[in-house]
Amino acid sequence: MHDKVSLLRQQFQADFSKIAQAKDVEEIKVKYLGKKGPIQELMQDLRTVSADERPLMGKLINDLKVEITHLCEKGLEGLGAAEEAKRIEEEKIDVTLPGRTQFVGKKHPVNLLLDEVLSIFKGMGFSVHYGPDIDSDYYNYEGLNFPKDHPARDMQDTFYITPDMLLRSHTSNTQLRIMEAHKPPLRVVMPGTVYRNEDISARSHVFFHQVEGMYIDKHVSFADLFATMHEFWSKLFKTDVVTRFRPSYFPFVEPGLEVDIKCTTCGGSGCRLCKHTGWLEVVGAGMIHPEVLKNGGIDPEVYSGFAWGFGMERLALLLYGITDIRAFTQNDLKLLQQF
Ligand code: DAH
């Protein structure tokens, strides 16, 4: 019995010498003092010891128990304090470090302008529809009155994917889709990206954005087109603009025209912005060709309509006073952060 107690003490001392963390101490404590631990076992064994030896042995075992308890408590105190000190050291915040800047994303200037454009048209009763960027020759050309060998196709250098599929060269591709799917009255704007096989320069790019618009109902006339254009451009430029209509040609409208507005910067006397003409060319438009209405399943004897299409980047150049269209795709933060 005596030897067993000494052996246990040695074992404990060996274990105790290895502890590194407060939780090791807890483990040792349970291991030696727990209900199924060796100290309890020795206590059970006391019953087998003779009555005169029992008090002495009892005291020996008890002394060891007290010793283990005491050492564990001291160990816990020491290690706990050390760990706490280490944690505090590690969590220390260096208040002299400069803060980290959070960069907040922003909308692209062209999208900001598009939001404004759409909001004005919505306010005038137009709904917004999106057509496909990849489309068939029919919706982009043939159905809009551009037969296969029509020279007007050369106005828009097209990216063909197959002989019949292409990247739309204008948002006019969405017109027939809307006519096919809905009955008049139709009052729709169709924004989107368009693609052209052009040399990239300060004035043109291989892709840009357009906003197409269309109004079809009974008795829609040229006067409605004029009024709609005047109203929209006045709202966008936040002034009562002066409009001018010049005859032009697009196969899907008859008559076709281009709308200019009197330069809002110089008031028409001529400046850099209007290239000294006094006028800003802003949009192509016209009365929808009867053939196109027919292709869309709408009877041109009953209904008439007008349509328009303009480029967002050109407009953004005008409104923001930027001179190079490439600025919109160069991701120059110095420029983008100004919006
Ligand atoms: N699609 C023409 C272009 O990209 C613009 C245009 C002109 C659209 C007249 C129209 C329109 O709807 O009536 O150059």
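When a ligand or atom number is given, it counts from 1 through the structure's own listing order. Computed from a predicted model, the values in this text were never measured in an experiment.
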Quiz item: Does R314 make a cation-pi contact with F208, if we ask for NZ or CZ under 6.0 Å from the ring centre and within 45° of the axis?
Solution: no
Self-check item: Identity of the nearest option to atom 11 (C) of ligand 1, non-hydrogen atoms only, from Y249, F250, F208, F252
Solution: F252
Practice problem: Run down the list S169, P251, G284 and name the one with the heavy atom closest to atom 7 (C) of ligand 1. | Solution: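 Considering heavy atoms of S169, P251, G284, the nearest to atom 7 (C) of ligand 1 sits in G284.
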Can you sort out which atoms of ligand 1 are near [X], meaning under 4.0 Å from one of its heavy atoms?
X: E212; answer: 8 (C), 10 (C), 12 (O)
X: G286; answer: 13 (O)
X: Q210; answer: 3 (C), 4 (O)
X: Q175; answer: 12 (O)
X: S172; answer: 1 (N), 8 (C)
X: R196; answer: 3 (C), 4 (O), 14 (O)

Exercise. Check whether any side-chain heavy atom of P191 sits under 4.5 Å from a side-chain heavy atom of E212, and report yes or no.
Key: no
Quiz prompt | Contact check, side chains of D217 and V220, non-hydrogen atoms, under 4.5 Å | solution = yes
Quiz item: Does ligand 1 have an atom that lies less than 4.0 angstrom from a heavy atom of G256?
Solution: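 No; G256 lies far enough from ligand 1 that no heavy-atom distance drops under 4.0 Å.
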Quiz prompt | ligand 1 contact by Q156, heavy-atom criterion under 4.0 angstrom | solution =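 Contact present.
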Quiz prompt | Which residue and heavy atom of the protein sit nearest atom 8 (C) of ligand 1, plus the separation | solution =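 Ranked first by proximity to atom 8 (C) of ligand 1 is G309 N, 3.4 Å.
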Exercise. Step by step, work out the side chain to side chain contact (heavy atoms under 4.5 Å, CB included) result for I261 and R244.
Key: CA-CA 6 Å; I261 60 178; R244 175 173 85 169; over 6 Å; no
Quiz prompt | H289 side, atom NE2; N295 side, atom CG - distance, nearest 0.5 Å | solution =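 Rounded to the nearest 0.5 Å, the NE2-CG separation comes to 10.0 Å.
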Exercise. Look at the rings of F146 and Y141 and say which category their plane angle falls in: under 30° parallel, 30 to 60° tilted, over 60° perpendicular.
Key: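 Aromatic pair F146/Y141 classed perpendicular.
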Practice problem: Have a look at ligand 1 and work out which part of A307, if any, has a heavy atom under 4.0 Å from it: side chain, backbone, both or neither. | Solution: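 Contact part for A307 vs ligand 1: both backbone and side chain.
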Exercise. Go through the side-chain N and O atoms of S201 and S204 and say whether any donor and acceptor fall under 3.5 Å apart.
Key: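 Yes, a side-chain donor-acceptor pair sits under 3.5 Å.
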Self-check item: Salt-bridge present (R153, D137; N to O < 4.0 Å)
Solution: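 Looking at R153 and D137, the cut-off is met.
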